[in-house]
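Here the structure is laid out as structure tokens; the discussion comes afterwards.
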Amino acid sequence: MSDRSGIPLAVVISAANRNDHRELQTVIDAVAPVRGSAGRPRRRPRKLHADKGYDYPVCRHALRRRGIIARIARRGIESTTRLGRHRYVIERTLEWVSRFRRLARRYERKAAHYAAFASLACAVICYRRAAKLDLLTHNNSK
């Protein structure tokens with residue numbers, strides 16, 4: 001799961017032959033709280049964009065139960081071209097993660113080791129984005 005700009009929010013490792021819609025609840029629950037304005041930190045996104053692979057009543061019900069607005073293309077009704085700009089963001093994030101050679105070619109036999117390297121890759125991506133936007137305190141000369 002990533003935010004609107006492509007920053008990874010949560011990474012979940014599953015078997016290769018498991019459908020993505022079955023892992024939706026796990027991914028949503030894996031999102032860490034985000035500090036914002038005063039008050040309790042928001043734990044979940046306000047809305048979630050997904051492609052037709054997530055168009056199941058189970059997914060829509062899980063999102064509705066968590067107070068998330070579902071923006072999921074319907075199978076056989078909506079075209080995939082409307083989701084192109086939202087899908088590009090997640091595809092770009094997956095490309096950033098796959099640039100780490102250890103993740104592109106799965107060398108690790110244990111899923112825990114692979115998950116640790118995936119989390120480390122996401123942390124490096126977040127650090128690079130923060131450095132590019134000059135959000136790091138040690139880079140500021142104020």
Side-chain angles (χ1 to χ4, degrees), residues 1-140:
M1 179 181 268
S2 73
D3 69 352
R4 177 180 284 178
S5 64
I7 299 296
L9 297 176
V11 176
V12 174
I13 306 299
S14 68
N17 57 352
R18 190 156 166 87
N19 289 338
D20 290 340
H21 80 276
R22 297 190 185 272
E23 298 297 324
L24 180 68
Q25 295 179 29
T26 309
V27 173
I28 292 171
D29 292 337
V31 175
V34 178
R35 291 187 57 91
S37 59
R40 192 174 75 196
R42 182 148 177 90
R43 184 162 174 82
R44 296 187 178 98
R46 286 193 172 77
K47 61 183 176 177
L48 183 117
H49 291 271
D51 61 358
K52 294 180 182 185
Y54 295 93
D55 185 28
Y56 291 94
V58 176
C59 295
R60 293 184 183 276
H61 179 68
L63 292 173
R64 194 176 316 116
R65 191 176 54 225
R66 288 169 172 80
I68 301 171
I69 299 169
R71 302 280 189 220
I72 301 173
R74 298 190 185 271
R75 290 176 288 182
I77 298 173
E78 297 178 33
S79 68
T80 56
T81 57
R82 291 182 55 201
L83 278 175
R85 63 178 174 215
H86 302 293
R87 186 167 175 83
Y88 168 76
V89 173
I90 195 68
E91 294 295 333
R92 182 182 62 191
T93 304
L94 291 173
E95 170 61 28
W96 289 343
V97 172
S98 68
R99 286 184 184 174
F100 295 89
R101 286 185 296 176
R102 194 155 196 119
L103 296 175
R105 232 24 241 247
R106 185 158 179 183
Y107 291 111
E108 308 303 322
R109 292 196 180 271
K110 293 186 178 180
H113 294 174
Y114 188 78
F117 279 116
S119 297
L120 183 62
C122 291
V124 170
I125 290 169
C126 292
Y127 175 79
R128 287 177 180 168
R129 178 57 69 99
K132 184 177 181 180
L133 296 175
D134 201 29
L135 297 175
L136 302 174
T137 56
H138 64 82
N139 285 345
N140 293 338

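In this chain, numbering begins with 1 at the start of the sequence shown. Every value quoted in this text rests on a predicted model; they were computed, and no experiment measured them.
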### Task
Work out which heavy atom in Asp55 is nearest to a heavy atom in Arg74; give both atom names and the distance.
OD2-CA, 3.3 Å
### Task
State the CG-OG distance between Asn19 and Ser14, to the nearest 0.5 angstrom.
9.5 Å
### Query
Could you state the interatomic distance from CG (Asp20) to CG (Asp51), rounded to the nearest 0.5 Å?
8.0 Å
### Query
Any idea which heavy atoms bring Val11 and Ala118 closest together, and the distance?
CG1-CB, 3.8 Å
### Message
Please find the pair of heavy atoms, one from Met1 and one from Val31, that lie closest to each other, and give the distance.
### Response
SD-CG2, 3.2 Å
### Query
Any donor-acceptor pair under 3.5 Å linking the side chain of Arg129 with the backbone of Gly6?
no
### Task
Could you tell me whether a side-chain N or O of Arg64 sits under 3.5 Å from a main-chain N or O of Ala70, the two making a donor and an acceptor?
no
### Pairwise side-chain contact, Arg4 with Val89, heavy-atom cut-off 4.5 Å (strictly under)
no
### Task
Give me the one residue out of Ile69, Val27, Leu63 that meets side-chain contact (heavy atoms from CB on, under 4.5 Å) with Leu48.
Leu63
### Query
Who passes ring-ring contact (aromatic ring centres under 6.0 Å, His included) against Phe100, sequence neighbours left out?
none
### Query
So, for Cys122 and Pro8, which heavy atoms are closest and what is the spacing to 0.1 Å?
SG-CB, 3.6 Å
### Message
To the closest 0.5 Å, what do you measure between OG (Ser2) and NE2 (His49)?
### Response
11.0 Å
### Task
Please round to the nearest 0.5 Å and tell me the distance separating atom CZ of Arg128 and atom CD1 of Ile7.
11.5 Å
### Query
So with a 6.0 Å cut-off around CZ of Arg22, is the heavy-atom count from everything else above 12?
no
### Task
Compare every heavy atom of His21 with every heavy atom of Gly53, then report the nearest pair and how far apart it is.
O-CB, 3.6 Å
### Task
Drop me the distance from Thr93's OG1 to Asp3's CG, to the nearest 0.5 angstrom.
7.5 Å
### Task
Report yes if the side chains of Ile72 and Arg60 come closer than 4.5 Å at any heavy-atom pair, otherwise no.
yes
